[in-house]
Amino acid sequence: MRQKRIATIQDLSCFGKCSLTVAHPIMSAMGLEVCPVPTAILSTHTAGFTGWTFRDLSADLTAIARHWKSQGLTFDGISTGYLGTVDMIDMVEYYFRLFPEAVKVVDPVFADNGKLYPAFDMNYAAGVARLCGHADVIVPNLTEAAFMLGEEYVPSGYDEEYIQGLLKRLTGLGCRVAVVTGVRYDDAHQGAVAYDSSKNAYFQAFQEHIDVSFHGTGDIFTSALAGAGVLGKPLPDALRIAVDYTVACIRATMPDKAEHWYGVRFEDCLPGLIEALREG
Ligand code: PXL
């Protein structure tokens, strides 16, 4: 069988285990051919470090897409994460137009816990909301969902009806499938809920809630979800595989969490991810 190929467009944070440094190894381990497109190079990610370097690589982005197209390359998937500037969002839209055959997975990556990340403003959030309109699947957390819909962030105490309404409104941005992460209906569980507007169907996957917050877990979740989706797994299976893998990574990091505060030990759990793909 022909190997599935995915381009992943996001920053390369040299230290910190997020964006490309998790997306590439995770999706490679899943058996995909991964074509990384770095939007910027940072010395570290921006959550918890200070004084990071940032080299904008956007001057190369359209040239890379154009060259790929000129060589007749095609893609089964394109996934995006942290981009960095509004210009880069426009360039990602160019990739989407050039490679219409690809399943497009957009993780908004601009906010969490009710707040924008340091490098972003509402103009950026509006740009990402527009990009979500051109995606097949979007993967916001509850904060990003609220910002993109212009609604108030509801951190807790919500019910299934709220999440289902939120998902429906998110697909109103123009995407077929919306997945929200970090959903907690009770103290003991945490997971993701999806809405496929083409089937008017909801799916969910939950795991035990571990009361800790590690950076980069959203990127890990989206990598596993996008990888499983491009490999042809149905949405409920892809959701379960991604939730289980993300929680396994968090669990594996717990004994080492003081030293490893900046990201999870996703490498330790890759064999389990490969096993889960074989099973379901
Ligand atoms: O994990 C999301 C992410 C990716 N890349 C960079 C980040 C963040 C979140 O803060 O700073 C550079």
Side-chain angles (χ1 to χ4, degrees), residues 7-27 34 36-58 60-61 78-89 91-92 105-122 124-125 127-129 131-132 135 137-148 153 179-182 190 192 212-227 242-243 245-247 249-250 253 257 260-267 269:
T8 182
I9 311 173
Q10 45 193 323
D11 74 277
L12 175 57
S13 288
C14 303
F15 186 91
K17 298 200 190 189
C18 66
S19 36
L20 278 187
T21 66
V22 300
H24 195 161
I26 289 170
M27 293 194 292
V34 183
V37 182
T39 55
I41 296 185
L42 292 84
S43 49
T44 65
H45 63 59
T46 66
F49 297 99
T50 53
W52 56 85
T53 70
F54 181 94
R55 178 152 319 264
D56 186 329
L57 298 179
S58 52
D60 287 357
L61 290 189
I78 299 177
S79 73
T80 77
Y82 185 107
L83 297 172
T85 66
V86 173
D87 281 354
M88 289 179 193
I89 297 172
M91 290 170 194
V92 168
V105 181
V106 170
D107 185 342
V109 194
F110 63 82
D112 204 2
N113 298 313
K115 286 201 288 260
L116 292 166
Y117 289 145
F120 300 131
D121 57 19
M122 284 312 289
Y124 185 84
V128 176
L131 182 64
C132 286
V137 181
I138 66 169
V139 195
N141 58 37
L142 288 171
T143 301
E144 290 155 349
F147 272 119
M148 290 197 295
Y153 167 57
V179 180
V180 274
T181 57
Q190 175 154 13
V212 65
S213 170
F214 283 111
H215 189 75
T217 48
D219 302 346
I220 285 168
F221 175 84
T222 300
S223 302
L225 183 80
V243 166
Y245 176 59
T246 307
V247 172
C249 293
I250 295 170
T253 314
K257 80 174 192 297
H260 233 91
W261 59 270
Y262 51 85
V264 291
R265 291 178 52 163
F266 72 95
E267 302 90 340
C269 303

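Reckoned from all heavy atoms, side chains included, excluding hydrogens, waters and symmetry mates. We count ligands from 1, going down the list as the structure has it; atoms in each ligand are counted the same way. Keep in mind it's a predicted model, so treat the numbers as computed, not measured.
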Protein residues near ligand 1, heavy-atom distance below 4.0 Å?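 Residues within 4.0 Å of ligand 1: Asp11, Ser13, Cys18, Ser19, Leu42, His45, Thr46, Ala47, Tyr82, Val109, Tyr117, His215, Asp219.
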
Is there a donor-acceptor contact under 3.5 Å from the side chain of Tyr124 to the main chain of Gly84?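 Flag set: sc Tyr124 to bb Gly84 pair under 3.5 Å.
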
Does Ser223 use its side chain to pair, donor to acceptor, with the backbone of Met27 at less than 3.5 Å?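 Absent.
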
Do we see a donor-acceptor contact under 3.5 Å between the side chains of Thr85 and Asp87?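 Side-chain D/A pair, Thr85 to Asp87: absent.
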
Could you pull out all donor-acceptor pairs under 3.5 Å where a side-chain atom in residues 7-18 meets a protein atom, sequence neighbours excluded?
residue: Thr8; atom: OG1; partner: Gln10; partner atom: NE2; Å: 2.9
residue: Thr8; atom: OG1; partner: Ser79; partner atom: OG; Å: 2.9
residue: Asp11; atom: OD1; partner: Ser19; partner atom: OG; Å: 3.0
residue: Asp11; atom: OD2; partner: Ser13; partner atom: N; Å: 3.1
residue: Asp11; atom: OD2; partner: Ser13; partner atom: OG; Å: 2.6
residue: Asp11; atom: OD2; partner: Ser19; partner atom: OG; Å: 3.0
residue: Lys17; atom: NZ; partner: His260; partner atom: NE2; Å: 3.1
residue: Lys17; atom: NZ; partner: Val264; partner atom: O; Å: 3.4
residue: Lys17; atom: NZ; partner: Glu267; partner atom: OE1; Å: 3.0
residue: Lys17; atom: NZ; partner: Glu267; partner atom: OE2; Å: 3.2

Quick one: ring pair (Phe, Tyr, Trp, His ring centres under 6.0 Å) partners of Tyr82, sequence neighbours excluded?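 Once residues adjacent in sequence are excluded, the partners of Tyr82 under the ring pair (Phe, Tyr, Trp, His ring centres under 6.0 Å) criterion are Phe120.
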
I'd like to check the side chain to side chain contact (heavy atoms under 4.5 Å, CB included) partners of Leu116; sequence neighbours left out, ordered by chain and number.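 Scan of Leu116 (side chain to side chain contact (heavy atoms under 4.5 Å, CB included), adjacent residues dropped) gives Phe110, Ala111, Met122, Phe147.
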
